[in-house]
Every structure is written in structure tokens, then in C-alpha cells.
Amino acid sequence: MFDLLLTIALIYFAYRGYQWYTHVKQQVKGGPPPPPNIDITEPEERDDYIDYEEVK
């Protein structure tokens, strides 16, 4: 009888843990929306870096 109760308890806690995990995963995946005043487009190719040869 104890084995049956233990099995049912393990199944119940596994189910609750899976529900919690999927809920947290959805929250993390969604993330907060970006602020409206920040431009999130990709920057163009940058040329303002210093090449090693120029430093010599």
C-alpha cells in the first residue's frame, strides 16, 4: 500500500514541477518588452576601431 501512495505522490509532484517549469520558461522566454525610446535595429558595420598596424 505504501508503494502505491509513494508512486501517486511522485507522479503528482512531477506533474506540479513540470507545470512550474513550463510557467517559468514562458516568463523567461517572453521577457519584458523593450523600452519604446531605444532603437533596437542592428548597427551598421563599424569603422571606428583602431587597427593593430596603426598603433605601431
Under 3.5 Å, is there a donor-acceptor pair between the Gln27 and His23 side chains?
yes
Do the side chains of Tyr21 and Val24 join up, straight or via other hydrophobic residues, at under 4.5 Å, putting them in one cluster?
yes
Please tabulate, for the side chains in residues 3-13, all donor-acceptor contacts under 3.5 angstrom to protein atoms that are two or more places apart in sequence or on a different chain.
residue : atom : partner : partner atom : Å
Thr7    : OG1  : Asp3    : O            : 2.7

